[in-house]
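Here the structure is a predicted model, which is why all the values come from computation and not from measurement. Note: hydrogens, waters and symmetry copies are ignored here, and every other heavy atom, side chains too, is used.
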Amino acid sequence: MARYFENGAGQLVADALSGFARAHADLVRYDAADGFVTARHTAPARRVGLLSGGGSGHEPLHAGYVGTGMLDGACPGRVFASPHNRQIFRASRAVARPGGVLHIVKNYTGDRINFGIAAERLADAGIACARVLVDDDLATDSEDIAAGRRGTGATVLLEKVLGAAADTGMGLDGLVELGTGLAGRCRTLAVASAAHHAPATGEPAFVLPPGELEYGVGIHGERAARTREQATVGELVEEMTDALLKALRPGSQDSVVALVNGLGSVTSLELYGVFGELGRVLDARGVRLARHLVGDYVTALDMRGFSLTLMAADRATLDFYDAPVHTPALRW
Amino acid sequence: MARYFENGAGQLVADALSGFARAHADLVRYDAADGFVTARHTAPARRVGLLSGGGSGHEPLHAGYVGTGMLDGACPGRVFASPHNRQIFRASRAVARPGGVLHIVKNYTGDRINFGIAAERLADAGIACARVLVDDDLATDSEDIAAGRRGTGATVLLEKVLGAAADTGMGLDGLVELGTGLAGRCRTLAVASAAHHAPATGEPAFVLPPGELEYGVGIHGERAARTREQATVGELVEEMTDALLKALRPGSQDSVVALVNGLGSVTSLELYGVFGELGRVLDARGVRLARHLVGDYVTALDMRGFSLTLMAADRATLDFYDAPVHTPALRW
Amino acid sequence: MTSSAFDGERTRDWAGRFAESVYATEAELTALDQQAGDGDFGANLAAGVRAAGPLLDRVEASAGPAEYLGALATAFLDEVGGTSGPLFGLLFQAMGRAAGPGPELTTQALREGTAEGLAAIRRVGDASPGDKTLVDALAPAADALGAAGEAPPADALAAAAEEAWRGVRETASQAARMGRASYLGERATGVPDPGAVGIALFFSSAVGTVRSLAPRLGGD
Amino acid sequence: MTSSAFDGERTRDWAGRFAESVYATEAELTALDQQAGDGDFGANLAAGVRAAGPLLDRVEASAGPAEYLGALATAFLDEVGGTSGPLFGLLFQAMGRAAGPGPELTTQALREGTAEGLAAIRRVGDASPGDKTLVDALAPAADALGAAGEAPPADALAAAAEEAWRGVRETASQAARMGRASYLGERATGVPDPGAVGIALFFSSAVGTVRSLAPRLGGD
Ligand SMILES: Nc1ncnc2c1ncn2[C@@H]1O[C@H](COP(=O)(O)OP(=O)(O)O)[C@@H](O)[C@H]1O
Ligand SMILES: Nc1ncnc2c1ncn2[C@@H]1O[C@H](COP(=O)(O)OP(=O)(O)O)[C@@H](O)[C@H]1O
Ligand SMILES: [Mg+2]
Ligand SMILES: [Mg+2]
Ligand SMILES: [Mg+2]
Ligand SMILES: [Mg+2]
């Protein structure tokens, strides 16, 4: 509370969205009554609207990726809370095109349920709707977790690739197939050296003993299943990269797209250090690094940590990745 | 130390720069031996090379602004320490063009001295060199500070405008006049609710009592001359904006360019909230907000705070500001 | 022995008692979700019944059960975020649909509505019995209604409530496999599932107000 | 009474004692900069004399004072960042230039070199006497050399050292107007300026090694 600059408890997200809407009025529209953001300009060839959403606190995800070549709309929930199904339903209606609407959903129970209910309402309303589920978090890849792997960093990569595919006029089925296939070829691992601070209290969500890292941490302040000792960033990145490669087994035709992502308050110096180590490990393992992003793309408020995402990509995926994009947070 | 992800004390900056160089190899070159970054592509019409630099820990400043339409080179020092005069001298030689080299220097004693010594060496070597001093920090505008106002957020705006001007083929004198005039029309104020953590110890540089803000804080972990009670972000931004406008007194032909800048670990939600409030205050005061940036542009490691910069801008300045730019951290 | 006719007025009273039960136990629900989740379940459920209040008041006096259940459904589906709110909404929606336009709620309609609600919740939330979710209270309640034959609706609901509470108590020994708690592995074991408690509160409220969870969570 | 000839060998010894004095007082210098600056002055100055070591060793035995001063200058100008390193380098550079190619350092050369060094430092750093910087030790030292007339160099340097220490002690009561400390307003008052101490150490080392600052910072 003292720590956060805000106008009062519960105002953080609403105030941010209205500031965001003004700051990027050339790119997006904000429907304050129903709580969603839509793109002002989209490719005329697009036949399916792309909608994403989830809890707030992960900025620039998702509203930062609304714009040309990426998302048609985004529904931000309260901090770390799923958006409401009505919000999703109305946003879906607003962005649906003749070919329907595609929901890009991170695998969390609340998100699945609310997007699911919205989908049932859309079916009622005669609007075609399908879902791509993002579930890249290797730390939650376990027999004991029926809920499946969480969705995290890969979301940005999928939204980019699917946006470019949608711009070619690809239909709902094609997008689901492309996105689902791609989601299976993405894995992420995250570590943190300090928790985020809860907006309500200004206190850290958890306290780590000095010299320990939360290894396999999520993006909602939930702790990881285990901690580990702090190591040099070289050792840490090598261990993480090898775990990701083992899970992914990129084919001989594949190269990888890497996302080195800050979770909130890790410095840019550290992120570039991580990227340097990642590059070295991939070189040593003979894996071609085709594309990369280094920065804060999927955050957890002000958590001090980073995540590594690898996506095994073929030529066609890279072409979609390279297509122009113009959103508040991603542009080329 | 436990907090920072690094390979060992003192490795942070060197490792970051080599990762940065690989990440942005399409845009920049990194001379590891002499410790400077240069642009790969610059406008052929450019007659003067633009060089900046300063302590590290302010990323993306300065290396992030090296590229087409902005800086020809940057010299990063150690964390919060001025670059070495030899580094500056060699970088200057590398980026100098027929019309010479322009140093864009933030007003800190160490930076002034090291850029100054490099300039004496350049004169010796027969290379024309001149300086634009950035001194926008309103908090250090005092009779008692012979060192003058510190340089901070305005650096980004000046580097952008001067880059576009240099691309028109403007000479050294013209650039100094333009830059010095513009520097006088920029003011910044910064507040923090928590200090950065020292890389060496992982401990906060200072501890604020809960509910207090450091008001007028610098970007090197030096405390402000005063603290104030936390207020709503609306009250805070109104007070800061009015102080900036009072110092600037934009003319009736002017509009303002605003930079809402995160100092490290403030969330994007908060920064857009700040921007929303800033917009409201400017509207109420009848000041036209012509352009704006919202994000982390000039940081102080992981300090939790933000700065507001206003630049009074005429039409010609806006045209320079709008010219295309393509650097690791700024692109349009 | 309760009267066998379960009309609109009795449905409205049921909804009213459900709200009372939720308000009375909100702190206990919060405490449960703090141990096994993120601590907002009590607030979420209370937000639902609070939103339902004005909608229930607006139903005409002559209306049948379906309209009251529909008001509950609208409130939970449209006003409550998070995981559990809309799941409760799906149950109320299915029960309202099964109630049909008639003036009375039959045991048959209760049986069908609960079964359909359970199916919708499982379709959307993908949880199986044993995953330590509200399904572990709703499935036994649906079974009890399935076995109620031609019993009067109030008796059938009382049996459903009994079974729901039994299901709740069983969740205490289960390891979470769905939802946030699952990421923590063993840490949530020993705590009954808050969402399951909410379901049991709903069926219990058909016959009375619940003022404290402790006695119902206690023994076997 | 010291011998009046101040040749290359004596200049080398001076540089060696300067290094010793810096190492011996590094912790005290650090402590001063922690109170009035950012705590790195001791490390910065030590880095300078450390870098100078191998350069001084490489100077030929037959060389004159200018080459030893030049080695110091190169080390401080080229190897030490921060504020103070290059400023010391400018002083050594000017003194080396004034020493000229001859075999001995004259009082005249010391006078000129120190004055020119002071001028370069003020040109680059823009500090005036009284701003609580190393200028407040260097300016009195330069004045003492200016007043030394035809005194032997070692005596002139001893007088310069005395005056430099007096200047250091005066900085304790000054408010910082330049450098980082100035942003803090009153908070740095009471602490002598570390850069000024460094200057006094340099001149003192011409006649002996300084093993502790305390006695010199103490009285008046
Ligand atoms: N996949 C699921 N299917 C059915 N119910 C679930 C599922 N996941 C969680 N729940 C129920 O939701 C309850 C938590 O609700 P609530 O606190 O509102 O959700 P959130 O996890 O969003 O904070 C749990 O106690 C559990 O009964
Ligand atoms: N403008 C200036 N001119 C001359 N000396 C200065 C000036 N600013 C600071 N100094 C000297 O530099 C000393 C600090 O040196 P150092 O710790 O190396 O620098 P930094 O401030 O970069 O950490 C101060 O004690 C003071 O004597
Ligand atoms: Mg320093
Ligand atoms: Mg919960
Ligand atoms: Mg929740
Ligand atoms: Mg210092």
Side-chain angles (χ1 to χ4, degrees), chain A residues 1-8 11-13 15-23 56-57 59-60 64 79 191 193-194 199 202 208 210-213 230 232-234 236-237 260 264-279 292 294 296 299 301-302 304-306 331-332, chain B residues 1-8 11-13 15-20 22-23 56-57 59-60 64 79 191 193-194 197 199 202 208 210-213 230 232-234 236-237 260 264-279 292 294 296 299 301-302 304-306 331-332:
Chain A
M1 181 256 215
R3 189 169 280 267
Y4 279 81
F5 296 95
E6 59 182 0
N7 278 322
Q11 289 284 99
L12 197 56
V13 173
D15 286 349
L17 283 169
S18 84
F20 176 84
R22 179 165 181 175
S56 289
E59 290 64 32
V79 169
V191 289
S193 61
L208 272 172
E212 287 209 352
L213 297 178
Q230 176 67 289
T232 67
V233 69
L236 195 59
V237 170
V260 175
S265 63
V266 77
T267 62
S268 167
L269 289 171
E270 293 164 276
L271 286 184
Y272 279 110
V274 167
F275 176 74
E277 299 298 341
L278 172 68
H292 55 269
V294 183
D296 290 357
T299 59
L301 289 175
D302 60 354
R304 206 174 195 309
F306 67 89
R331 178 171 186 178
W332 59 68
Chain B
M1 179 254 216
R3 189 170 280 267
Y4 278 80
F5 296 96
E6 60 181 0
N7 279 320
Q11 289 283 99
L12 197 57
V13 173
D15 287 350
L17 283 169
S18 85
F20 177 84
R22 178 166 183 176
S56 289
E59 291 63 32
V79 170
V191 288
S193 61
H197 296 81
L208 272 173
E212 286 209 354
L213 296 178
Q230 176 68 291
T232 66
V233 69
L236 196 58
V237 170
V260 175
S265 63
V266 77
T267 61
S268 166
L269 288 173
E270 292 163 276
L271 286 184
Y272 280 111
V274 167
F275 176 74
E277 299 298 341
L278 172 67
H292 55 269
V294 182
D296 289 358
T299 60
L301 290 174
D302 59 356
R304 204 172 200 308
F306 67 90
R331 179 170 186 179
W332 59 69

Specify which of [options] makes the most heavy-atom pairs with chain B at under 4.5 Å.
| options | answer |
| --- | --- |
| A:Leu12, A:Leu269, A:Asp302 | A:Leu269 |
| A:Gly279, A:Ser18, A:Ala194, A:Gly305 | A:Gly279 |
| A:Asn7, A:Thr267, A:Thr232 | A:Asn7 |
| A:Ala23, A:Gly273, A:Ser265 | A:Ala23 |
| A:Val260, A:Val233, A:Asp15, A:Thr299 | A:Val233 |

Less than 4.5 Å to any heavy atom of chain A: does that hold for the side chain of [X], its backbone, both, or neither?
| X | value |
| --- | --- |
| B:Val266 | side chain |
| B:Glu277 | side chain |
| B:Val237 | neither |
| B:Leu236 | side chain |

Quick check on the interface: out of B:Glu270, B:Arg331, B:Glu59, who has the most heavy-atom pairs with chain A under 4.5 Å?
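The option with the most such pairs is B:Glu270.
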Is the A:Phe275 ring parallel, tilted or perpendicular to the A:His292 ring (thresholds 30°, 60°)?
tilted
Could you walk me through whether A:Val79 and A:Val13 satisfy the side chain to side chain contact (heavy atoms under 4.5 Å, CB included) test, starting with their C-alpha distance in whole Å, then the side-chain angles of each, then the deciding distance to 0.1 Å, before giving a yes or no?
CA-CA 7 Å; A:Val79 169; A:Val13 173; 3.8 Å; yes
Could you walk me through whether A:Leu271 and A:Asp296 pass side chain to side chain contact (heavy atoms under 4.5 Å, CB included), step by step?
CA-CA 9 Å; A:Leu271 286 184; A:Asp296 290 357; 3.8 Å; yes
Quick check: closest heavy atoms across A:Gln230 and B:Tyr4, and the distance to 0.1 Å?
NE2-O, 3.4 Å
Side-chain touch A:Val294/B:Phe20, heavy atoms, less than 4.5 angstrom
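Counting from C-beta outward, A:Val294 and B:Phe20 never come under 4.5 Å.
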Working to the nearest 0.5 angstrom, can you tell me the gap between B:Ser193 OG and B:Arg304 CZ?
5.0 Å
